[in-house]
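Here is the structure we will look at, set down as structure tokens.
Naming: A, B, ... by sequence-line order, numbering from 1 per chain.
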Amino acid sequence: MIKVSKLTKYYGPTRAVEDVTFEAEKGEIIGLLGPNGAGKTTIMRMLTGYFAPTSGTAKVAGFDIIEEPMEVKKRLGYLPEILPLYYEMVVSDYLEFVAEIKGIPFKERRAKVAKALDLARIEDVKHRIIGRLSRGYKQRVGLSQALLSDPEVLILDEPTIGLDPKQIIEIRELIKSLGGSRTVLLSSHILPEVSMTCEKIIIINKGRVAAISDKATIEGKDRVLLKVKGDPEKAAAALSKVKSIVSIEQAKEGPYAVLTLEGEGKADIREDIFKAVVESGLVLVEMKLASHSLEEVFLKYTAKEEDAR
Amino acid sequence: MNAIWSISKRELRNYFVSPIAYIILAVFFIICGLFGYIVYVAKAPYAQVIYIVSLMTNIFMFLSPMLTMRLLSEEKKQGTMELLYTSPLTITEIVLGKYLGAVLFFGVLFLISLEFPIFLLLYGKPDIPVMLVSLLGFALVGCTLISMGMFASSLAESQVVSAIIGFALVIVFWVMEFFSSAVSGSVGNWLATLSLSKHLESFSKGVLDGGDVFFFAAMSFMFVFLTIRRLDWKRW
């Protein structure tokens with residue numbers, strides 16, 4: 001559905017995006033992950049035809065973005081990071097206007113607008129002026145605009161930015177429900193955001209693809225954070241006997257010892273840890289799974305890249 | 001074609017939901033009315049069509065940058081340009097839609113401004129052909145001023161900056177004859193032919209000159225074209 005090959009964009013002499021290549025199958029939800037300024041928006045803007053790449057090209061829904069931009073745009077829904085809303089317009093009029101410029105035939109317009117209102121759950125504010133809506137509602141109006149033409153490919157730039165936790169969950173569910181029939185490309189600078197909705201993650205750093213991988217690999221192995229009463233050295237010694245534990249890091253926090261433990265492969269090591277703690281007579285205060293943060297994932301992949309050079 | 005109409009419809013409506021339309025209309029008619037009354041009625045009780053129309057033209061010249069400043073600047077600033085650019089529209093369609101929207105607003109102003117010649121008709125015996133030709137001149141120069149303003153609006157993201165650039169453009173072209181006198185030779189002559197006020201002269205005399213009609217059409221076309229080129233170039 002999306003096939004990007006060697007996409008490059010320079011703003012004057014500054015490199016924004018270089019040599020970006022990736023593919024997305026029909027029905028896939030793909031996440032572009034990277035810090036602010038990594039080039040995510042630039043990639044999306046090239047795919048949507050907002051501006052042309054300096055070199056390289058891409059195919060969206062089977063059409064080349066340079067050769068046949070109109071065909072691409074007809075099959076595409078795009079939610080830019082800066083919401084493209086006319087603040088003085090009423091929600092339903094705005095969607096009506098978008099339907100017109102998207103070339104949706106008059107007869108289908110009403111039904112499509114109703115469907116988009118329903119999908120983004122903004123039915124109750126359709127007669128209100130966009131500028132007076134809350135940030136969350138504005139975001140949903142933006143999303144409904146992208147969904148309006150029932151596109152094969154959806155490109156969403158930071159779709160959950162500025163929303164409250166409840167709205168974030170709603171939008172996530174909505175995006176997940178869109179996958180399957182549509183191809184969704186979304187961007188974020190927050191790892192859990194991407195890992196919760198996407199099957200495949202593309203890490204972008206300084207305009208380049210640092211890694212393309214499935215969710216599990218990028219998130220890496222879960223670690224176990226353990227808090228026990230007593231001396232860290234003693235606790236570490238007790239746990240080092242457990243065979244399934246590969247690495248132990250220790251720290252002291254007041255009267256407690258805090259250990260970070262990593263197991264081998266996908267195995268859940270919590271049971272072994274529990275048993276070892278009980279056997280050695282230590283007092284267990286806390287035990288939890290901790291996933292890697294974006295910073296760690298990032299360092300891991302960008303360090304790899306540096307090594308390769 | 002449908003897309004152009006959609007954009008201009010929205011544009012026209014946008015004028016009337018913001019205070020700008022009412023302010024421009026109010027300012028235009030208050031100034032025209034006051035000036036017209038004092039200069040042509042109270043002081044010298046002889047009202048001539050050409051004076052009234054040239055008054056309207058001059059006042060519209062000052063107001064036009066305010067009418068056009070938001071055309072493209074606002075879209076850029078609000079981020080809605082991203083919606084237009086990523087919809088199946090060509091830049092030509094976007095620009096023509098915008099231009100037509102502003103011209104339609106000018107059309108509304110023009111229709112209301114017909115009250116002045118109508119009053120002349122009611123209370124006097126104006127020369128009707130002269131009246132019609134001078135009104136045509138007003139309509140043509142209005143369309144040209146709007147195209148200049150739109151081009152100015154494509155240059156800046158800030159509406160104030162657009163208005164200032166638009167104003168500068170309008171003034172330079174209005175009194176091009178004066179500027180050209182500083183340049184000797186054929187260049188000076190060529191510059192003088194670009195003067196808006198010079199091409200309006202024949203209209204205000206009631207002389208319909210095909211060359212002058214062509215001039216305004218060509219100027220409008222040129223600035224619409226420059227706007228398209230400007231936006232196109234920015235994308236690459």
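Of the listed residues E81(A), Q145(A), E88(A), E96(A), the one with more heavy-atom pairs under 4.5 angstrom with chain B than any other is E88(A). Options N2(B), N14(B), I4(B), T90(B) differ in how many heavy-atom pairs under 4.5 Å they form with chain A, and the most are formed by N14(B).
More than 12 heavy atoms of other shown residues, nucleotides or ligands fall within 6.0 angstrom of atom OH in Y11(A). In the displayed structure, I82(A) atom CD1 is contacted under 6.0 Å by at most 12 heavy atoms of other residues, nucleotides or ligands. The local environment of NZ in K59(A) is sparse, with at most 12 non-hydrogen atoms from other residues, nucleotides or ligands closer than 6.0 Å.
Within the 4.5 angstrom heavy-atom criterion, no atom of S18(B) approaches chain A. For a residue to count as touching a neighbouring chain, one of its non-hydrogen atoms must lie under 4.5 Å from one of that chain's; by this rule L85(A) touches chain B with the backbone only. With a threshold of 4.5 angstrom between heavy atoms, F97(A) approaches chain B through side-chain atoms but not through N, CA, C or O. Residue contact with chain B, scored on non-hydrogen atoms closer than 4.5 Å, is absent for V72(A). In this structure, the portion of Y78(A) lying under 4.5 Å from any heavy atom of chain B is its side chain and not its backbone. Neither the backbone nor the side chain of L79(A) comes within contact range of chain B, judged by heavy atoms closer than 4.5 Å. Neither the backbone nor the side chain of I94(B) comes within less than 4.5 Å of any heavy atom in chain A. Contacts of F106(A) with chain B are absent, with no heavy-atom separation under 4.5 Å from either backbone or side chain.
Between E100(A) and K9(B) the shortest side-chain heavy-atom distance falls below 4.5 Å.
For residues 56-84 of chain B, the interface with chain A (any heavy-atom pair closer than 4.5 Å) comprises E75(B), Q78(B), G79(B), T80(B), M81(B), E82(B), L83(B), L84(B), sorted by residue number.
Judged by distance alone, the side chain of K73(A) and the main-chain N or O of Y85(B) form a donor-acceptor pair under 3.5 Å.
Salt bridge R13(B)/D93(A): present, at least one basic N to carboxylate O contact under 4.0 Å.
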